[in-house]
Participant: 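Have a look at the structure that comes next, please.
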Amino acid sequence: MIEVSNLIKYYDSFCALSSCSFGVDKGEILAFVGPNGAGKTTTIKILATVLEPSDGEAIIDGLSIINHSDKIKKLIGYMPDEYGIYPYVTVKDYLDYFAGMYDVEISRRSSVVGMVSELTGVTSFLDKETHQLSKGMVQRLALAKILLNDPKVLILDEPAHGLDPRGRIEFRLILKELRNLGKTILISSHILTELSEISDSVVIIDKGKVVTAGKVSDIQRKLQPSRKYQIKLTADTLNCIDSIRSMEHVEMVSIENDVVFIEHKQADGFIADIVGKICLNGGRILEVKEVKQNLESVFMQLTGDINESF
Amino acid sequence: MKVFSRLSQATIYHPEVVLSMNARFRRSSTLFLFIIFVLAVSVISLLAYSTFHHYFELYSGSERNHGSEYFQIVIFTLTIVCSLLGISLGSGVVNGEKARKTFEFLVTSSVTPEYIVVGKFFAHFFHILLFVLACAPFMMMALYLGGLDTSLALLSLYTLLLLASANLAISMAFSAMTPILGSSMVLSFLTCGGLTTMLMTEAGNLMSPYGRLHVNNLAFLEFAVMFTLLWMVVTGLSFVSCSVALKNRFANRTIGFKIWILFTCTVFFFIGWYLYFIKKGTIGTLPYIAFVILFGFFSYMCVESSIFHPKSEERWTKLWYALRPGGTRNFIFMLIVGAMYLVSFATLLTSASSPYPVYYRYFDTIERLLFLSCYLISWLMFICSVGIFIGSHTGFFKKPFIIHTVALLIICLIYPLIRLYITSFTRSPLSESDIDIYISPFFVLEATNWFNTNRLDKSGLAILMLVILSVIMLIKSHRKVEYLKSLVRSTGKPALTIK
């Protein structure tokens, strides 16, 4: 749905983006992650047709952002990282206004506004004036606004910024619902735990370059080739793990606070062999869990030092 | 007819127009503002009518035309207010979107930049139109008084709307060219001041002192066509500039865009200033409108930077800052104008033509310009203090244009009062017909007179009163601003935000 190739952006002599390439499949949620000043917002603004690239190309639903920016505007819903809402107007008037600005016919406006309000949970405060809204309400309103033209692609720059935990959870639920509706979502955020829960794939960007891109699980595997498991045993049977150390393909066995950590480079089924061997040696297993590297640690590992990671 | 009907429907139902009207009519402050406006116009027109009484009598004699005279005063007041409104509303249209952070939402909507620009223009134009309609009772009164020349009345209304909309369009263009509201306002004030002067003088040339057209129908038509063409050029250029800015996403300025800005600015200034000066070869009576309007901007700057100056919290800068409530740039401006004032004052005292009575016509060009600078400083001081006073004592922070409007209404009220005072109570040698030209440097002339004769006469007392009033208002305003700042500090989150 989105194909970014060799995108370059200069602000005078400063290079904000250097040869940035990645892709997003239809109906997918892509997490766009990077430290401050990495070039996330620049990329997003280019995709949203707010900025023009210095070089390179981006295609959204088969249309070039350079040559068909007008058509692309009808395809996308863009929520900037910082935005304002016109004050002293009601939420309904505000949505009506943008429905008009999205060329929705007058006869259809009220039903469209009703639908997006329902979807984003804005209905309860439709008659409230915008300057009386809380941060969470404003966020919902902004989301409702970008859905007015029924976009195929949603581009959200730090959408959960400034929201309390409840607001974030609610926002996440809305995004999941939007994914179920078939929307392709590109989302940038600093709250990585949140992104890892909802995103299908991730692009990590640093210093204007894409450090890595792909499915979250693929990246995790790439960064952590060996599988790590934690096995909890009863305290009296901990000594049985000595037999595991001698097993072929087992790379590391360690004990921390009565929990055994085992690493191997074999396929998923190999853990069954390990568990079988522990049981044979009299070990009584309480819990077996795979230790996965979360998005945060992936991010830290990749953006800590690019050269070190690759 | 069908096309016209469709166009009007598209305009009225334009989302920008609908949103703007909904927002305005929902608030009770709008009604309050209209009531104040109507009251102010009624007081100003009555005061001005009595002030110009002698003038009308002198020229008209037994042929007095009360209806037309009254109408002229109403339309003149309305022209000033609507010109100011056009500038105030238009100056923040595009860069205001940037400041409010609503710009990106707007430019990523599906409609074309031209559609947005036209919508914003009409949204504000209808607001101005409401002010004109609010004055309908005064126009009715002029009809009731009798003798009103219908062609003249229509021409005046036409010129008024033409002027206000041109000012609005020009301000919108400047708002698209400059990222800061202050810059666009100053540029708009200067350009629109010139245009206003030219249009009003041209319109005045068609009119006899008897309040009737003293030209033939062909000249009337020529006037209307010329101004319509001029309006089309100015508004068209403004619309294109605005659209180009929106297409260039405003922040992303290309060389082509910069050249376009340069071209538009040159055309505006050519139309606004040079045409007038080349044609008339003199400063004329009406440029004061431009200068008075210019200073409305400083009142806004003073109020804004007094409260939200980033260094206002620092201990050592606080005192220094308190002395310059308008911020560094305004302070430098004040210094420059102050220096001009001193130079001009010195020129007056050393000039061969300075002994009392002093006649303006004896001065050379440089001296005239220096007089103008005196005029600037006197009004600057007064309007700044009025602006700060109103701004700091009311809840109008959010709407700078209200500050301008109220400040200007007060100035409009002061003007006829001063004029009345000069004509009735002073021993000024100035003739009635020259009074408008002399009014600006009048303070200086009288001050010179007082200086030379070492005697404080009535005029000197009036100046002193004005200065004392300004100082009191400044001190009181500063205290109020300090109080508001402490309130902001204690609550942590400023409830007062200038948009």
Side-chain angles (χ1 to χ4, degrees), chain A residues 9-12 41-42 44-54 69-90 92-106 109 127 129-131 138 141-142 145-146 148-151 155 157, chain B residues 9-30 92-93 96-120 123 246-254 256-257 397-399 493 495-499:
Chain A
K9 178 68 188 175
Y10 277 93
Y11 292 112
D12 294 328
T41 300
T42 302
I44 281 180
K45 277 183 196 277
I46 290 172
L47 290 176
T49 72
V50 174
L51 284 179
E52 276 181 15
S54 306
S69 62
D70 291 342
K71 286 179 185 166
I72 282 179
K73 277 194 226 166
K74 292 177 182 171
L75 288 176
I76 61 163
Y78 165 59
M79 189 195 283
D81 54 343
E82 283 188 335
Y83 56 85
I85 303 283
Y86 295 119
Y88 305 108
V89 293
T90 62
K92 190 176 178 303
D93 287 344
Y94 182 81
L95 290 174
D96 261 337
Y97 164 73
F98 273 108
M101 296 308 260
Y102 277 122
D103 238 355
V104 177
E105 289 162 31
I106 297 176
R109 273 182 210 172
D127 293 324
E129 290 196 356
T130 48
H131 63 279
V138 168
L141 175 59
K145 178 255 155 195
I146 64 168
L148 285 166
N149 60 331
D150 191 21
I155 300 172
D157 195 358
Chain B
Q9 247 189 353
T11 311
I12 293 165
Y13 290 112
H14 192 291
E16 285 283 358
V17 176
V18 174
L19 185 79
S20 153
M21 287 297 150
N22 277 343
R24 279 181 182 131
F25 285 109
R26 184 165 290 110
R27 279 176 287 164
S28 53
S29 60
T30 308
V93 164
E97 294 279 347
K98 268 273 184 190
R100 276 195 304 262
K101 294 174 181 169
T102 49
F103 185 76
E104 289 187 357
F105 268 165
L106 193 67
V107 293
T108 49
S109 55
S110 317
V111 291
T112 59
E114 289 81 6
Y115 185 76
I116 298 172
V117 171
V118 169
K120 288 204 175 289
L246 285 173
K247 271 177 192 157
N248 280 273
R249 300 290 178 261
F250 189 66
N252 184 22
R253 289 162 183 199
T254 57
F257 180 53
F397 286 101
K398 290 169 187 166
K399 288 284 167 195
K493 191 183 170 189
L496 307 156
T497 312
I498 295 177
K499 295 284 179 190

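All values below were derived from every heavy atom in this structure, side-chain atoms included, with hydrogens, water molecules and symmetry-related copies excluded. Numbered from 1 within each chain, the chains take letters A, B, ... in sequence-line order.
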Participant: Take Asn22(B) and Val89(A), measure what side chain to side chain contact (heavy atoms under 4.5 Å, CB included) needs, and give me the verdict at the end.
Facilitator: CA-CA 7 Å; Asn22(B) 277 343; Val89(A) 293; 5.7 Å; no

Participant: Between Lys71(A) and chain B, with a heavy-atom cut-off of 4.5 Å, which part of the residue counts as in contact: side chain, backbone, both or neither?
Facilitator: neither

Participant: What part of Leu148(A) gets closer than 4.5 Å to chain B, counting heavy atoms only: side chain, backbone, both or neither?
Facilitator: neither

Participant: Mind checking ring-ring contact (aromatic ring centres under 6.0 Å, His included) for Tyr78(A) and listing every partner two or more places apart, or none if nothing turns up?
Facilitator: none

Participant: Which atoms of Tyr86(A) are under 4.5 Å from chain B, going by heavy atoms: the side chain, the backbone, both sets, or neither?
Facilitator: both

Participant: Hey, what do you get for CE (Met79(A)) to OG1 (Thr108(B)), rounding to the nearest 0.5 Å?
Facilitator: 11.0 Å

Participant: Name the region of Glu16(B), side chain, backbone, both or neither, that has any atom closer than 4.5 Å to a heavy atom of chain A.
Facilitator: both

Participant: For Ser110(B) and Tyr102(A), which heavy atoms make the closest approach, and how far apart are they?
Facilitator: OG-CD2, 3.0 Å

Participant: With rounding to the nearest 0.5 angstrom, report the CG to OG distance, Asp93(A) to Ser20(B).
Facilitator: 11.5 Å

Participant: Below 30° counts as parallel, above 60° as perpendicular, anything between as tilted: where do the rings of Tyr83(A) and Phe105(B) land?
Facilitator: tilted

Participant: What part of Ile76(A) gets within 4.5 angstrom of chain B, counting heavy atoms only: side chain, backbone, both, or neither?
Facilitator: neither

Participant: List the atom of Lys73(A), the atom of Ser109(B), and the distance in Å for their closest heavy-atom pair.
Facilitator: CD-O, 3.2 Å

Participant: Hey, does Pro80(A) have a side-chain heavy atom less than 4.5 Å from the side chain of Lys101(B)?
Facilitator: no

Participant: Using a cut-off of under 4.5 Å for heavy-atom pairs, which of Gly77(A), Ala99(A), Gly100(A) has the most such pairs with chain B?
Facilitator: Gly100(A)

